[in-house]
A.B. asks: 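Handing you this structure, nothing more for now.
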Number of protein chains: 2
Amino acid sequence: MNDVAAAAGVALKTVSRVVNEERGVNEATAERVRQAIALLGYRRNDGARVLRRGRTASIGLVIEDVADPFYSLLSRAVEDVALGNGSLVFTGSSGEDSLRERELVLAFCARRVDGLIIVPAGDDHGYLVPELAAGIRAVFADRPAGPGLDVDTVLCDNTGGARAGTAHLAAHGHRRIAFLGDNPAIFTAEERLRGYREALASAGLAYDAALVAMGTPQQERLHADLARLLALPDPPTALFTGNGRTTVTALRALEALDARPTAAGGIAIVGFDDFELADMLSPAVTVVAQDPANLGRTAAELLFRRLSGETGPAERLRLPTRLIARGSGELPPP
Amino acid sequence: MNDVAAAAGVALKTVSRVVNEERGVNEATAERVRQAIALLGYRRNDGARVLRRGRTASIGLVIEDVADPFYSLLSRAVEDVALGNGSLVFTGSSGEDSLRERELVLAFCARRVDGLIIVPAGDDHGYLVPELAAGIRAVFADRPAGPGLDVDTVLCDNTGGARAGTAHLAAHGHRRIAFLGDNPAIFTAEERLRGYREALASAGLAYDAALVAMGTPQQERLHADLARLLALPDPPTALFTGNGRTTVTALRALEALDARPTAAGGIAIVGFDDFELADMLSPAVTVVAQDPANLGRTAAELLFRRLSGETGPAERLRLPTRLIARGSGELPPP
DNA sequence: ATGAAAGCGCTAACAG
DNA sequence: CTGTTAGCGCTTTCAT
């Protein structure tokens with residue numbers, strides 16, 4: 001910048017004015033400065049600018065895993081909103097590891113991002129308190145913050161969705177409905193289990209712990225759980241799966257167990273989360289769909305509203321789910 | 001930092017030393033400083049640190065769309081390598097828009113990222129020349145930089161992959177093989193078309209322009225193209241699809257045209273790019289698989305080697321593809 | 001319309 | 001082992 005000023009024969013401040021397109025600069029002078037800028041290949045250093053101005057025009061996004069379609073859709077929506085607000089986004093995947101979540105968040109804070117969108121892996125966010133006090137805004141998405149943090153949150157209607165999916169199976173005559181969920185330590189997994197139980201109760205069906213299996217959606221584990229379920233004296237005739245990953249993995253496990261449903265019949269399935277090609281399988285898979293892009297957009301818009309000064313108590317939004325009947329959830333019991 | 005120094009009764013530099021865990025500080029003094037830090041809730045401002053040190057410990061990643069599984073896998077790999085090198089990553093989706101690509105790249109440069117990984121949308125990267133001259137390192141991934149830019153590049157063996165896929169179909173007796181590709185303006189689409197043509201030539205089959213359809217993978221367009229192909233007096237008995245999106249969309253279009261293959265027979269298909277559930281469709285889909293995570297990892301590792309001082313001429317890497325036979329590519333001609 | 005000076009928060013380079 | 005000084009590149013404030 002100094003060089004540009006010297007080359008154009010003006011003061012630093014004038015260069016600054018031209019670069020930032022402030023008005024009140026003689027057009028001839030401005031042109032001279034622009035020439036010098038072009039000649040020297042000068043680019044404004046936004047880092048220094050930030051240091052002086054306080055706002056970084058960047059936000060941090062911490063999710064579980066960008067490679068998961070659910071989160072990649074969410075990311076894209078956040079990105080778009082951020083760009084629309086002139087902001088860049090740091091993305092980080094926590095991999096469901098609360099330590100890594102914390103490291104990422106703190107690294108973003110040290111970079112003085114204006115705000116954060118967090119899909120938390122852990123449930124202790126005490127480490128955020130000083131940052132929030134220092135003025136960094138945060139919005140939690142998909143899962144709430146740990147206790148003691150009063151912060152904007154956008155969740156999906158997990159319980160209602162699971163209730164609707166389970167009720168759908170019950171309405172098609174199933175009385176033995178198994179629940180395959182994610183690790184119960186995960187907020188959404190637990191809420192969905194609750195919805196499942198509520199739907200059973202509404203349908204007058206007894207809750208049977210033997211029909212419930214929860215854990216990380218790994219092939220081997222699901223294979224073992226499904227083998228156990230199918231070997232039960234009174235095996236399930238329907239399956240409610242607690243998230244996209246679990247649905248797909250369960251389908252694979254059923255295939256391996258030679259128990260995958262066909263269009264003609266077999267175990268009925270409803271899955272939480274829509275997924276690519278669910279409509280092309282046979283039978284096509286009935287799902288309770290969330291809208292991850294909507295989740296990301298809503299969270300980001302809320303964040304930017306806060307950043308532009310909107311005050312008021314922490315918001316807690318719930319996004320609806322939608323049951324999409326495609327075939328696998330409408331198979332009758334044998 | 002001033003406040004901390006005052007509270008601990010030491011000089012600024014001592015606080016700096018403690019914060020950065022430099023050695024050569026009396027343990028008692030250090031402890032006093034740490035107490036003051038905790039008391040005041042002090043956090044180092046990395047922006048200021050960067051300004052002074054020159055390195056931002058951040059890189060920029062520009063891809064086509066994070067929401068696309070190919071790029072989301074690539075992103076995750078880049079993220080992991082970056083984190084392993086103590087660096088954060090700005091992510092941006094260009095949406096196949098060269099203007100937006102440019103804006104993102106320049107915004108990242110203004111933030112003085114240490115390096116860039118770019119999947120280019122456009123083919124004019126003149127705007128990068130001053131940035132490269134200013135010392136920002138860039139690695140191009142998946143597609144090469146425009147003319148005149150001598151820069152590290154990691155590509156996949158598009159031609160070889162398409163050749164292998166097409167040859168596979170020919171080896172199974174097909175003599176009328178159609179090619180459904182992406183927009184021919186896209187580098188990879190063109191390379192894959194080349195591979196297709198080479199394989200035809202090797203198999204002694206004539207190239208027939210009527211069997212080739214290229215464009216953005218939208219449902220309507222593919223539907224129309226497929227309808228035209230199927231109505232040909234001498235219609236194709238096999239299909240080679242030029243990328244993951246196209247494969248899936250073509251499958252849907254075939255379904256709508258009532259021409260989707262079954263395990264029993266029908267039009268044979270080999271697709272470029274593997275995709276989730278390809279193995280669960282019926283017939284399962286034979287693909288030429290790339291490894292997007294490997295692509296991301298390789299590009300990121302190359303970038304960080306450059307950032308840590310490795311010199312030498314621009315590298316041009318080609319990553320191999322792998323044919324995975326699953327059924328749809330082994331269907332015989334009628 | 002333009003400029004001079006101060007300082008954002010930090011660290012490099014030297015003292016002591 | 002600790003402190004002082006200067007300055008990274010920019011914007012803000014107050015002159016001119």
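Values reported hereafter were calculated over all heavy atoms of this structure, with side chains retained and with hydrogens, waters and symmetry mates removed. Sequence lines set the chain letters: A, B, ... in the order given, protein chains first and strands last, and positions in each chain run from 1.
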A.B. asks: Tell me which residues in residues 105-115 of chain A lie within less than 4.0 Å of DNA chain C, going by non-hydrogen atoms.
C.D. replies: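 Nucleic-acid contacts, sorted: none.
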A.B. asks: Does a distance-only test, which skips hydrogens and angles, find a donor-acceptor pair under 3.5 Å between the side chain of Arg17(A) and the base of dG3(C)?
C.D. replies: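 Pair found.
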A.B. asks: Quick check on dC10(C): is either OP1 or OP2 less than 4.0 Å from any side-chain nitrogen or oxygen of Ser16(B)?
C.D. replies: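 False: Ser16(B) side-chain N/O out of range (4.0 Å or more) of dC10(C) OP1/OP2.
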A.B. asks: Please check the phosphate of dT2(C) (OP1 and OP2 only) for any side-chain N or O of Thr14(A) closer than 4.0 Å.
C.D. replies: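 So the side chain of Thr14(A) is outside the cut-off, no N or O lying under 4.0 Å from OP1 or OP2 of dT2(C).
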A.B. asks: Can a salt bridge be assigned to the pair Arg76(B) and Asp65(A) using a cut-off of 4.0 Å between side-chain N and carboxylate O?
C.D. replies: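 Answer for the salt bridge query: yes.
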A.B. asks: So what does Ala11(A) touch, heavy atoms closer than 4.0 Å: a base, only the sugar-phosphate, or nothing?
C.D. replies: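 Touches sugar-phosphate only.
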A.B. asks: I'd like to know if Asp152(B) pairs up with Arg306(B) as an ion pair, taking the criterion as any Lys NZ or Arg NE/NH1/NH2 lying under 4.0 Å from an Asp or Glu carboxylate oxygen.
C.D. replies: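 A salt bridge is present here (some side-chain N lies under 4.0 Å from a carboxylate O).
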A.B. asks: Answer with base, sugar-phosphate or nothing: what part of the nucleic acid does Arg44(B) contact at a heavy-atom distance below 4.0 Å?
C.D. replies: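 Here Arg44(B) touches the backbone only, sparing every base.
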A.B. asks: Under a plain distance cut-off of 3.5 Å, with no hydrogens placed, do Glu101(B) and His125(B) share a side-chain donor-acceptor pair?
C.D. replies: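 Distance-only check passes for His125(B) and Glu101(B).
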A.B. asks: Hey, which of these two, Leu12(B) or Leu51(A), hits DNA chain D nearer its 5' end, going by closest nucleotide?
C.D. replies: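 By nearest-heavy-atom nucleotide position, the 5'-most residue is Leu12(B).
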A.B. asks: Between Arg318(A) and Glu191(A), does any NZ, NE, NH1 or NH2 come within less than 4.0 Å of an OD or OE carboxylate oxygen?
C.D. replies: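 A salt bridge links Glu191(A) with Arg318(A).
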A.B. asks: Classify the side-chain pair Asp114(A)/Thr56(A) by whether it contains a donor and acceptor separated by less than 3.5 Å.
C.D. replies: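 Yes, a side-chain donor-acceptor pair sits under 3.5 Å.
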A.B. asks: Rounded to whole Å, please give me the gap between CD in Glu22(A) and P in dG3(C).
C.D. replies: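 Roughly 14 Å, once rounded to whole Å.
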A.B. asks: For a quick check of understanding: with a heavy-atom distance under 4.0 Å over all strands, which category does Val10(B) fall into, base, sugar-phosphate or nothing?
C.D. replies: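 Sugar-phosphate contact only - Val10(B) comes under 4.0 Å of backbone atoms but never of a base.
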A.B. asks: Is it true that Glu64(A) and Arg100(A) have a side-chain N and a carboxylate O under 4.0 angstrom from each other?
C.D. replies: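 So Glu64(A) does not pair with Arg100(A) through a salt bridge.
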A.B. asks: For the side chain of Val25(A), starting at C-beta, report the closest nucleotide among dT11(C), dA6(C), dT2(C).
C.D. replies: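 Output: dT2(C).
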A.B. asks: Within the structure, does a side-chain N or O atom of Arg49(B) lie under 4.0 Å from either OP1 or OP2 of dT11(C)?
C.D. replies: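 Answer yes for this pair, as a side-chain N or O of Arg49(B) is under 4.0 Å from OP1 or OP2.
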A.B. asks: With nearest nucleotide decided by heavy atoms, which residue, Gly24(B) or Asn45(A), maps closer to the 5′ end of DNA chain D?
C.D. replies: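 Checking each residue's closest nucleotide, the 5'-ward one belongs to Gly24(B).
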A.B. asks: Looking at Glu131(A) and Arg111(A), is any side-chain nitrogen of the basic one under 4.0 Å from a carboxylate oxygen of the acidic one?
C.D. replies: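 Result for this pair is no, no salt bridge flagged.
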A.B. asks: Contact class for Arg23(A) vs. all strands (heavy atom < 4.0 Å): base, sugar-phosphate, or nothing?
C.D. replies: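 Nothing: the residue Arg23(A), judged by heavy atoms under 4.0 Å, touches no strand.
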A.B. asks: Please report, rounded to the nearest Å, how far the C1' atom of dG9(D) is from the CG atom of Asp46(A).
C.D. replies: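 In whole Å, dG9(D) C1' and Asp46(A) CG are 11 Å from each other.
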A.B. asks: Report yes if a side-chain nitrogen or oxygen of Asn20(B) is closer than 4.0 Å to either non-bridging phosphate oxygen (OP1 or OP2) of dT11(C); otherwise report no.
C.D. replies: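 For dT11(C), OP1/OP2 do have a side-chain N/O of Asn20(B) under 4.0 Å.
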